[in-house]
*Asks:* 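Got a structure for you, questions after.
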Amino acid sequence: MDNTRYSAPALEKGLDIIELLASHPEGLSLADLGKTLGRTTAEIFRMVVTLETRGYLLAIGDRYVLSLLLFQLAHRHQPVRSLVTTALPLMTQLANDVKQSFQSGTLGLFVEGGHADRHDRYRFGTSADGVPGRTGTQADA
């Protein structure tokens with residue numbers, strides 16, 4: 001398939017901005033975004049404003065950073081929900097049987113549940129290397 005025939009330049013520009021900001025937790029100014037992406041500030045201004053209005057970016061002073069919206073969307077994604085829904089009852093039962101809490105995971109995602117003292121709570125999240133607690137994010141549920 002010819003990828004250039006079916007390109008969506010505006011979408012590509014927005015994804016380029018999101019992907020760049022994912023590598024810069026300190027945020028980037030509009031000028032830095034344009035310079036790094038090889039575009040003018042005028043070229044990316046409307047895209048940045050739209051991403052901010054839609055909740056994907058936050059303005060902190062003159063810098064833009066990613067919001068947690070992508071994280072929230074990722075955890076509403078069916079594979080994550082299915083893993084938690086399937087694993088949690090089994091993990092809770094095992095934790096009750098052995099009187100211990102534990103973690104279970106796949107590369108890039110983990111579920112921690114079955115705390116002997118809090119059976120209704122679990123944590124899930126992502127990590128860059130698949131090992132919880134190193135790098136990445138997590139959420140209590």
Side-chain angles (χ1 to χ4, degrees), residues 1-96 98-141:
M1 176 188 293
D2 182 7
N3 289 334
T4 58
R5 183 173 173 204
Y6 297 104
S7 70
L11 177 58
E12 289 178 5
K13 189 186 316 178
L15 292 173
D16 288 345
I17 291 167
I18 288 170
E19 290 171 1
L20 177 60
L21 287 173
S23 300
H24 292 275
E26 74 282 3
L28 293 171
S29 68
L30 211 52
D32 291 335
L33 282 167
K35 181 179 177 183
T36 306
L37 294 173
R39 297 178 180 271
T40 67
T41 302
E43 279 183 280
I44 61 167
F45 175 76
R46 288 188 339 193
M47 182 61 66
V48 168
V49 169
T50 300
L51 288 169
E52 181 185 11
T53 302
R54 296 286 305 264
Y56 289 89
L57 304 183
L58 299 171
I60 300 176
D62 69 339
R63 294 179 170 269
Y64 291 90
V65 297
L66 289 179
S67 72
L68 292 178
L69 183 56
L70 290 171
F71 177 76
Q72 293 167 347
L73 291 173
H75 286 91
R76 287 185 2 211
H77 187 54
Q78 187 59 39
V80 173
R81 289 179 36 223
S82 293
L83 175 64
V84 172
T85 301
T86 302
L88 189 59
L90 300 170
M91 292 172 67
T92 301
Q93 182 60 48
L94 182 59
N96 288 338
V98 299
K99 306 283 191 264
Q100 295 289 322
S101 62
F102 61 92
Q103 296 178 351
S104 178
T106 62
L107 184 61
L109 176 71
F110 70 91
V111 178
E112 177 182 328
H115 294 276
D117 59 342
R118 323 180 303 174
H119 306 300
D120 61 333
R121 303 284 293 168
Y122 66 90
R123 293 186 318 143
F124 63 92
T126 60
S127 62
D129 59 3
V131 179
R134 286 202 186 155
T135 59
T137 55
Q138 67 184 29
D140 285 324

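This structure is a prediction, so every number in the text was calculated from the model and none was measured. Any value given below was found using the heavy atoms of this structure, including those in side chains, with hydrogens, waters and symmetry copies removed. Numbers here are sequence positions counted from 1.
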*Asks:* Roughly how far apart are D62 CG and L28 CG, rounded to 0.5 Å?
*Replies:*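 If we round to the nearest 0.5 Å, D62:CG and L28:CG are 10.0 Å apart.
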
*Asks:* On a heavy-atom basis, which atom in S7 and which in E12 lie closest, and how many Å separate them?
*Replies:*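 That would be CB-OE2, 3.6 Å.
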
*Asks:* Could you pull out all residues at least two apart from Q93 that satisfy side-chain hydrogen bond (donor to acceptor under 3.5 Å, both in side chains)?
*Replies:*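 With neighbours one apart ignored, the set is D97.
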
*Asks:* Check salt bridge (charged side-chain N to carboxylate O under 4.0 Å, His left out) between E19 and all other residues, then give those that pass, not counting sequence neighbours.
*Replies:* none

*Asks:* I need the M47 CE to L37 CG distance, nearest 0.5 Å.
*Replies:*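 So the CE of M47 and the CG of L37 are separated by 11.0 Å.
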
*Asks:* side-chain hydrogen bond (donor to acceptor under 3.5 Å, both in side chains): which pairs involve residues 28-37, sequence neighbours left out?
*Replies:* S29-D32

*Asks:* Under the salt bridge (charged side-chain N to carboxylate O under 4.0 Å, His left out) rule, collect the residues that match up with R39, sequence neighbours excluded.
*Replies:* E43

*Asks:* Ignoring hydrogens and angles, write down the donor-acceptor pairs under 3.5 Å from the side chains of residues 51-60, residues two or more places apart or on other chains.
*Replies:*
from: T53; atom 1: OG1; to: V49; atom 2: O; distance (Å): 2.8

*Asks:* Do L73 and L69 come within less than 4.5 Å of each other through their side chains, counting heavy atoms only?
*Replies:*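 Touching, per the 4.5 Å side-chain cut-off.
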
*Asks:* Which atom pair, heavy atoms only, marks the closest approach of Y64 to L30?
*Replies:*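 Result for this residue pair: CE1-CD1, 4.1 Å.
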
*Asks:* Just verifying a value: how many Å separate L21 CG and E26 CD, rounded to the nearest 0.5 Å?
*Replies:*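 If I round to the nearest 0.5 Å, the distance is 9.0 Å.
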
